[in-house]
Amino acid sequence: MAQIRIRNTNETITGVEPIREYLNSVGVLYEHWEGDKLPAALKEKFILSDEEKQQILSVYDEEIRDLASRRGYLTWDIVALSDATPNIEELLKKFEQVHTHTEDEVRAITAGEGYFIIKASEEIGYIDVLVELGDVISVPENIPHFFTLSDKRQIVAVRLFIETEGWIAHPYADPAFVK
Ligand SMILES: [Fe+2]
């Protein structure tokens with residue numbers, strides 16, 4: 001289950017409802033897909049064939065289509081990251097730059113975990129949102145953020161898009177951001 005840490009105060013928030021409430025209050029969508037639906041063979045698998053990715057999308061088809069129909073997403077796919085991902089260090093360096101998109105960035109986590117670091121507001125500053133199995137998050141368009149892996153260094157997520165071009169990262173130089 002997700003957890004939030006507010007960087008400036010070190011305050012943490014846990015539990016589906018408190019997290020939903022907090023993230024919604026700063027404009028970030030949070031939902032939770034219930035159930036442990038993946039077959040055992042896919043639960044702890046972070047190197048996935050196209051067939052296995054398709055299998056995950058089928059397992060979550062109902063949840064994906066429900067989210068897509070409410071929010072206008074037209075395409076979706078699976079992304080898997082782990083130490084086995086080619087060029088993972090380079091990729092993470094690229095990911096760990098604060099940036100924005102012209103479209104929201106939505107992820108539904110189906111295995112593993114990772115962090116979205118999001119600028120909640122000028123006043124609050126940045127928050128670290130740990131997302132794991134069942135967590136669905138959408139970082140709104142134009143909100144500075146970045147993604148990184150946790151110490152476990154593995155995640156599988158469904159990505160949903162309105163237009164794939166909307167997901168291009170625009171660097172956001174923020175003097176208020178300290179790693
Ligand atoms: Fe992003």
Side-chain angles (χ1 to χ4, degrees), residues 1-33 63-64 67-68 70-73 76-82 85 88 90-179:
M1 194 173 298
Q3 178 172 314
I4 298 173
R5 185 177 69 91
I6 299 161
R7 289 190 169 208
N8 284 338
T9 61
N10 223 18
E11 183 191 343
T12 58
I13 299 164
T14 53
V16 168
E17 273 318 310
I19 285 170
R20 192 200 314 267
E21 221 170 275
Y22 184 85
L23 288 179
N24 287 354
S25 78
V26 297
V28 175
L29 173 90
Y30 173 78
E31 298 185 1
H32 192 79
W33 289 353
E63 289 88 344
I64 291 169
L67 185 63
R70 283 183 285 123
R71 297 184 50 88
Y73 306 121
W76 41 88
D77 66 8
I78 291 284
V79 60
L81 293 171
S82 73
T85 306
I88 185 67
E90 262 171 60
L91 275 177
L92 285 175
K93 263 184 221 154
K94 203 174 113 193
F95 289 161
E96 288 169 5
Q97 310 290 326
V98 179
H99 63 270
T100 61
H101 308 278
T102 56
E103 193 175 293
D104 69 328
E105 178 169 334
V106 57
R107 299 288 181 272
I109 315 305
T110 60
E113 59 179 35
Y115 286 99
F116 276 94
I117 290 87
I118 304 167
K119 188 169 195 175
S121 70
E122 289 296 337
E123 272 176 6
I124 298 166
Y126 284 81
I127 59 173
D128 295 359
V129 185
L130 175 68
V131 285
E132 50 196 315
L133 175 66
D135 291 323
V136 182
I137 190 165
S138 164
V139 181
E141 58 274 23
N142 303 321
I143 296 293
H145 69 278
F146 69 89
F147 173 82
T148 193
L149 289 174
S150 76
D151 290 346
K152 293 184 184 166
R153 294 178 66 84
Q154 45 193 23
I155 195 165
V156 178
V158 181
R159 312 189 290 187
L160 296 97
F161 307 98
I162 300 169
E163 291 179 60
T164 44
E165 294 77 26
W167 193 56
I168 292 165
H170 302 281
Y172 181 84
D174 188 351
F177 179 74
V178 184
K179 273 216 167 165

Are the aromatic ring centres of F146 and F177 under 6.0 angstrom apart? yes

Residues E90, K93: salt bridge by 4.0 Å N-O rule: no

Separation between CG of D128 and CD1 of I117, rounded to the nearest 0.5 Å: 4.5 Å

Between atom OG1 of T102 and atom CG of N142, what is the distance when rounded to the nearest 0.5 Å? 7.5 Å

Going by an N to O cut-off under 4.0 Å, is there a salt bridge joining E31 and R71? no

Check the surroundings of atom OH in Y30: do more than 12 heavy atoms from other residues, nucleotides or ligands lie under 6.0 Å from it? yes

N8 and I124, any side-chain heavy atoms less than 4.5 Å apart: no

Test of ring centre spacing under 6.0 Å for H101 and H170: no

For A157 and I109, the nearest pair of non-hydrogen atoms, with its separation, is CB-CD1, 3.9 Å

If I compare all heavy atoms of P140 with all of G27, which pair ends up nearest, and what's the gap? CG-O, 2.9 Å

Check whether any side-chain heavy atom of F147 sits under 4.5 Å from a side-chain heavy atom of I155, and report yes or no. yes

Under the criterion side chain to side chain contact (heavy atoms under 4.5 Å, CB included), I'd like the reasoning laid out for L149 against I88: C-alpha separation, chi angles, the key distance, then a yes or no. CA-CA 10 Å; L149 289 174; I88 185 67; 4.2 Å; yes

What one should report as the nearest heavy-atom pair of E132 and A2 is OE2-N, 4.2 Å

Applying side-chain contact (heavy atoms from CB on, under 4.5 Å) to E103 and not counting sequence neighbours gives F161, I162, E163

Taking all non-hydrogen atoms of both residues, which atom of D104 and which atom of S138 are closest, and how far apart? OD2-OG, 2.6 Å

Using side-chain heavy atoms (C-beta onward) and a distance below 4.5 Å, is D174 in contact with K119? yes

Mind checking the CG-CG spacing from N24 to L29? Nearest 0.5 Å is all I need. 6.5 Å

Exceeds 12 heavy-atom contacts within 6.0 angstrom, atom CD of E21: no

Are R5 and N10 side-chain neighbours, meaning at least one heavy-atom pair lies under 4.5 Å? yes

Contact between V106 and L67 at the side-chain level, heavy atoms closer than 4.5 Å - yes or no? yes

Heavy atoms, side chains only, cut-off 4.5 Å: are V129 and I19 in contact? no

Please work out which of the three classes, parallel, tilted or perpendicular, describes the rings of H145 and F116, given edges at 30° and 60°. tilted

Heavy atoms of E113 and S150 approach each other most closely as OE2-OG, 2.7 Å

Less than 4.5 Å apart, any side-chain heavy atom of V98 and any of Y126? yes

Would I64 and W33 satisfy side chain to side chain contact (heavy atoms under 4.5 Å, CB included), going step by step from the backbone distance to the final call? CA-CA 10 Å; I64 291 169; W33 289 353; 3.7 Å; yes

May I ask you to test the R159-I78 pair for a side-chain heavy-atom distance under 4.5 Å? no

Can you name the nearest heavy-atom pair linking T85 to A80, along with the distance? OG1-O, 3.8 Å

Side chain to side chain contact (heavy atoms under 4.5 Å, CB included) with I4: which of V26, I13, L130, T14? I13

